Structures are given as C-alpha cells and as structure tokens.
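The structure under discussion appears below in the form of structure tokens.
From a predicted model like this one, the values you see are computed outputs, not experimental measurements. Residue indices begin at 1 and follow the sequence shown.
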Amino acid sequence: MKNLLTLTLLSFFGTTTLAQTLPGMAAYEYLQNERHRADKIVGETDKPPLDSLKKADKILADALTYYDRPDIQALAKANKYLFARKGDILFDRSVVQLKTGQTEAAVQSLLYDLQGDGAAFYASFIDEQEVFEPIRKHAQLAPLLSKLLADSRVFGSSALKTAYKVNISEDEKVAGLSKLWSEAKYNFVYFNHVPDLDWDKLYLQYLPKVKATTSTAAYYRVLQSFYANLHDGHTNVSPSSTALADSVARRPPIRAILVEDKVLVQDVQHDSLIRSGIRPMLEIVSIDGLPVRDYADRFVRPYVAASSEQNRDVNTYAYDLLKGPKDRPVTLVFRDAGGATFSRTLPRTGYGALKQLPTFQFKILPGNIAYVQVTEFESDKGLQGFKAKFDSIAATNALIIDVRLNGGGNSANGWNILGYLTDKPMKTGSYASRLYSPLRRARGEGVVFEDVEGGNTWKPNGKFLYTKPVVVLTSGRTFSAAEDFAVVFDDMKRGKIIGEPTGGSTGQPLSFDLPGGISARVCAKRDMYPDGTEWNGKGIQPTILVRPKIADLQAGRDTVLEAALSQLRK
C-alpha cells in the first residue's frame, strides 16, 4: 500500500483546510486517521507480510462499517470531504485485496470508485499504478476505465510526459511550450497583474527560441523564462527528472540575502563550509569572476518566477543564485566586515546531510516576553511545539511569533496556532477561480470569475486561550501558507505585524508534466483578504516597517526583533 494515502480525492474536491467548520469534520478526521493507521501497518515495502496486510484490511473494513452508520451517512450528505472518504477507503482496500490475492473483491471495491463524482480521478491512478495491472482488463472494469480515461486524456494525457534525454526532439520542445501556453491561457488567474502582456504574441516569440536550443537543459531554461513573464510565485517550471536537476539545479548549501544592495550570506547548512571560513553575514562579492549583482541579473533573475520584487529577490538570492550543473564547481569571493576578501571554489553536490533550521523554537525574552519561531507549515511540528509549550507561553506578558523564514506548507497548521489567540471564529479569506464557458465566449463575454468557498471561517482552539499582546514578524521569505497565516492575523486585529512585506504569493497551483523530465504549475485560485482586498503581487504589508541594515546584521543585531520588543514594552 506504498504511498496510497497520497492518492485521494482531496485534489479533486480541494483542500480540507477550508472546510474546518463543516459538520462531520470529526468523522472525517477519524476516517483519515484510520487510513493512516492501515498504511503505517503495511509500511512501504513492495511485498509486505501477509499478517500486516490482514490487519490493514480489518482496519479499513471497520472504517467502512463506521462510515455506513446512519448518523455518519447523514453528516456525509452535508460534507463533501467526509462523503469522499468512502471512495478513498475502498481504493486503499482494493490494493490490500490485490496483494492478498482477492482479485474479485478488489474489483468490487473499485466499481464504487469508478461510478462516482471522482471516477476519472481514480481511473487515472488505476491506469498508472502497477499494482492494478492484473485487473485492468477485467470484464466489469475495462469498459468503465476505457470511457473514463478517454475523458481524462483531454487534460491529463501522459503523451507529453516523456523521459529526460540530453536533447529531446524539436517536436517535443514545441509541444512542451504549447502545453505551457495553453494551461496558462485557460487557467492562470492573474493576467490582470500583467496587463501589458500579450500571451499569444509571447508564444510566437518563444517558438524559435525553443527550436534553437541544442540541449534539454537549455530548453528548460527557455521555458523558465517564458513563465517568468507571468510574474507569479506559484506559476513556474521545475525539473521532475533527477538527471535534469543534476544538469541545472544543484547548489552548495548556502543561502544569501539582499540587504542595502549588497548580497550577504544568510545561512550555511554544512559544517565543512563553516570550517572553510564561510559564515553568515559575509558579503558575497563575485561569482565565477562576475560581480554578484551582474551575475544574478544575467544568469538568475530572467528565469525566476515571482509575484513581487521582494519575492524575486528572495528567489534569486536565497534559492537560485548558486544553482547549476552538479559537476561544475562555483567560485565565490567573500568579504568580511573589516574589508578582507578571500575566495572559495565550492562543489555543488557531495555534502551529505545538511543542517536544517528547526521548525519550532521557543524562549523567554527579557520582560517575560515569549518568542516563538516557526520556520515551516509543511508539517504540524510548529503547531505541536506551540501546544507543548503553551503552559509556559500562557504565563508570559506578551508573545512574538516569528515567521520571517517560513516558506509555507499547509495553511491549517498556521491557523490552528492562531486558534490559541482568540475565542471567536477567524475569517480565512475570500477566493475565486476562472469559470470558462465556450458558449459565453461565443457570445462575446470576457473572463468570468466564480467565488470558491468564500466567507470561510476557522474555529478557535476552544480549550486554551492566550489574551496578552501579540506581534508577528514577517519578511520577504514569508511565503504562501505563512502569508495565509499573516492575512488571518491581520484581519483578526489581534496585534501588529512588524518587519518587511511578505512575498505576495499564495493560491492553488494546477500541476502538469512536460516532455524531457520537466514539470510545471499554474496558479488557479485567487486569494484575497476576507473583504476582497488584493494582496497577491504586493505582499502583506507590516504595520511597522523595519528593514535590516548591513551594519546591524554584521554586528549581530536583530533590529526587527528589537522593534517588536520595543512595541510590546509600550
């Protein structure tokens, strides 16, 4: 049952974080936990022990019995997320049944999935996953699969998902550019942010560019620059092939930051680099013989997808500056605060395990002020850390929540932390997506947007409540789900935001494959404040703007944190 829990209808129905207040979410969570429990018992081996498979089958069978209870059925009628659990549980169980030789039972499990609203979604996985090979031509399944796959191929054909080669064909290159162009044309939600862009004209301009490339790596870079014209941090091109990533996207474990027009080392993620003299707050003077800003402007910025200038600076210097082929070292010249310079030639790979920022940090600052740093919302580690330390936090006079280095993840993890700061439901935002109708277009109508689960709220914790003053710290690296966190905090009027504007990008990306081991995504959902105020492309603006200065950083001062402490002590 390897990785089965990723094969759910969540991507069909949308994220469950927007449905937290719906009736039946407790039943939903119970069933999801049972699926996770079954998956954990089976493990990730291709041939799990028979005893483990039987235990997983029993758990899933009991979950179905629970789902079929009249009270749960009544809840499922009003909650599409809960309703979809039966299909996912049956899908999980069909795999267990196949691995235990129960072929006919597996077919019966899948018949339910192939006749519901998410049938095309399930059909695509049945078509792709090797475990289903023995039953794809089953008399009951084959006709259903044939029809569903014919429909799904309109948008989800695997024909353009070709493997990486050093230089794919010209036909593949043109097809890949055409796929990028068409997916954005029909799905991208922020064309109004680039009002001077003629998308069809740009497509024509890029056709000879992709044809002129002599390698897949060069072709990939052209596609990057094509999508960079959309100016959106959730609309970009990336390698899906390890071989392609090795040729374009490996870097030494150093992140940089642009401060007062200088490029400084922000963090170093391997001890070998620290032992060689590379440490945070050194200035990077040049890269491969070019002044660092010239190097960035020539080799990095034209290929960066970004929603705002601060987002572009972060992506350029923190993430992409040192990327390149794995077998080509990069030479950097550094300068310390005293003006002394030195050079290092660094391999882009071979560093082994890297030092990672802890997800959650907590300390008590002078004045009995709690400081909490959460560096990601991908996992619930930050939420669990906050929960574990809440007794200590509750005893403080004020609270600082630092999300300056938080690149996002799952919005629910951030909103659940905010649930400790209020006893009232929180508004999460308003959302919209494009509604395409060929008939409306024939009648001369323009682009139409539809509300997507607008007016959503999020429940407070209900058990624990922190009522003291709170501030949130932000920067340009505060991105995506961390910005969703900042939006809710700002709308709550619970305290001030201090620091720099956030990256200015969130939303639901639509992902798809391209020839040559390349993947891409297009932002398909507009996110706004609850009152409809736009912030994508701008960032969440701090209440108190504080921009770090080189002298302060090199002296070890955190002026943003100092401003927060000063504000709270008032």
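Between the Asn413 side chain and the Ser379 main chain, a donor and an acceptor come within less than 3.5 Å of each other. Listed for the Asp232 side chain is a donor-acceptor partner under 3.5 Å among the backbone atoms of Thr235. For the pair Ser247 (side chain) and Pro325 (backbone), a donor-acceptor distance under 3.5 Å is absent. Looking only at distances, a side-chain donor or acceptor of Thr216 sits under 3.5 Å from a matching main-chain atom of Lys165. Between the side chain of Ser430 and the backbone N or O of Tyr529, at least one donor-acceptor pair lies under 3.5 Å. Formation of a donor-acceptor pair under 3.5 Å by the Ser411 side chain with backbone atoms of Asp484 is not found in this model. Remark: the backbone N or O of Phe188 is paired with a side-chain donor or acceptor of Arg434 at under 3.5 angstrom. Within the 3.5 Å criterion, the main-chain N or O of Leu290 finds no donor-acceptor partner in the side chain of Asp294. Between the side chain of Glu483 and the backbone N or O of Gly504 there is at least one donor-acceptor pair closer than 3.5 Å.
Using a 30° and 60° split on the angle between ring planes, Phe226 and Trp199 fall in the parallel class, below 30°. Aromatic ring pairs are classed by plane angle as parallel below 30°, tilted from 30° to 60° and perpendicular above 60°; the pair Phe121 and Phe125 is perpendicular. Note: Phe485 and Phe489 have parallel aromatic rings, judged against thresholds of 30 and 60 degrees for the angle between ring planes.
Side-chain contact, Asp531 with Thr533: a donor N or O sits under 3.5 Å from an acceptor N or O. Using modelled atom types and a 3.5 Å distance limit, the side chains of Ser307 and Ser505 yield a donor-acceptor pair. Arg477 and Gln310 share no side-chain donor-acceptor pair at under 3.5 Å. Judged by distance alone, the side chains of Glu172 and Ser169 do bring a donor and an acceptor atom under 3.5 Å apart. A donor atom on one side chain and an acceptor atom on the other are found under 3.5 Å apart for Thr345 and Thr331. In this model, a donor atom of one side chain and an acceptor atom of the other lie less than 3.5 Å apart for Thr359 and Glu376. A donor-acceptor pair shorter than 3.5 Å cannot be found between the side chains of Thr213 and Tyr220. There is a side-chain donor-acceptor pair under 3.5 Å between Tyr436 and Arg441. Side chains of Ser225 and Tyr206: a donor-acceptor N/O pair is present below 3.5 angstrom, by distance only. Under the 3.5 Å distance criterion, with hydrogens and angles disregarded, a donor-acceptor pair is assigned to the side chains of His234 and Ser480.
When each of Asp267, Leu346, Leu321 is checked for a side chain to side chain contact (heavy atoms under 4.5 Å, CB included) with Ile254, only Leu346 meets the rule.
Annotation: His231 is not in aromatic contact with Phe191 [ring centroid separation under 6.0 Å not met]. Ring centroid separation for the pair Phe377 and Trp415 does not come in under the 6.0 Å cut-off.
A salt bridge links Asp558 with Arg404; the closest basic N to acidic carboxylate O contact falls under 4.0 Å. A salt bridge links Lys185 to Asp200: at least one charged side-chain nitrogen sits closer than 4.0 Å to a carboxylate oxygen. Salt bridge present: Asp313 and Arg301 bring a charged side-chain N and a carboxylate O closer than 4.0 Å. Salt bridge Arg293/Asp261: present, at least one basic N to carboxylate O contact under 4.0 Å. Between Lys173 and Glu170 there is no salt bridge, since none of the side-chain N atoms of the basic residue sits less than 4.0 Å from a carboxylate O of the acidic one. Ionic pairing of Glu183 and Lys179 is present here: one or more N-O contacts between side-chain nitrogen and carboxylate oxygen are shorter than 4.0 angstrom. Between Arg250 and Asp246, at least one side-chain nitrogen of the basic residue sits less than 4.0 Å from a carboxylate oxygen of the acidic one, meeting the salt-bridge criterion. A salt bridge is defined here as a Lys NZ or Arg NE, NH1 or NH2 lying under 4.0 Å from an Asp or Glu carboxylate O, and Lys323 with Asp320 meets this definition.
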Between Asn536 and Tyr190, is the side chain to side chain contact (heavy atoms under 4.5 Å, CB included) condition met? List the steps. CA-CA 9 Å; Asn536 269 263; Tyr190 287 119; 3.2 Å; yes

Give the C-alpha distance, both sets of side-chain angles, the deciding distance and a yes or no for side chain to side chain contact (heavy atoms under 4.5 Å, CB included) between Val448 and Arg440. CA-CA 9 Å; Val448 176; Arg440 285 180 172 175; 3.6 Å; yes

Stepwise side chain to side chain contact (heavy atoms under 4.5 Å, CB included) check, Gln554 with Ile550: CA-CA 6 Å; Gln554 291 184 332; Ile550 291 176; 3.7 Å; yes

Side chain to side chain contact (heavy atoms under 4.5 Å, CB included) between Val263 and Glu283: does it pass, once the steps are laid out? CA-CA 6 Å; Val263 180; Glu283 181 186 351; 5.8 Å; no

Should Phe386 and Tyr420 be marked as a ring-ring contact (aromatic ring centres under 6.0 Å, His included) after you check the CA-CA gap, both sets of side-chain angles, and the distance that decides it? CA-CA 9 Å; Phe386 193 93; Tyr420 283 79; 5.2 Å; yes

Audit row: Asp491, Lys493, salt bridge (Lys or Arg N to Asp or Glu O under 4.0 Å) steps and yes/no: CA-CA 5 Å; Asp491 186 72; Lys493 307 303 179 188; over 6 Å; no

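Figure legend: cation-pi geometry between Arg221 and Tyr303, with NZ or CZ positioned under 6.0 Å from the six-membered ring centre and within 45° of its axis. Figure legend: cation-pi geometry between Arg526 and Tyr431 absent, as NZ or CZ is not positioned both under 6.0 Å from the six-membered ring centre and within 45° of its axis.
Counting heavy atoms from C-beta outward, Arg279 and Val265 have side chains that stay 4.5 Å or more apart. Leu180 has its side chain out of reach of Tyr203: every pair of non-hydrogen atoms, C-beta onward, lies at least 4.5 Å apart. Residues Val330 and Asp288 meet the side-chain proximity criterion, which asks for heavy atoms closer than 4.5 Å. Within the 4.5 Å cutoff, the side chain of Tyr371 has heavy atoms near those of the Leu561 side chain.
Atom CG of Leu405 and atom OG1 of Thr478 lie 7.5 Å apart (nearest 0.5 Å).
Looking at every heavy atom in both residues, Gly503 comes nearest to Ser308 through O-OG, 2.6 Å.
The number of heavy atoms from other shown groups lying within 6.0 Å of CZ (Phe155) does not exceed 12.
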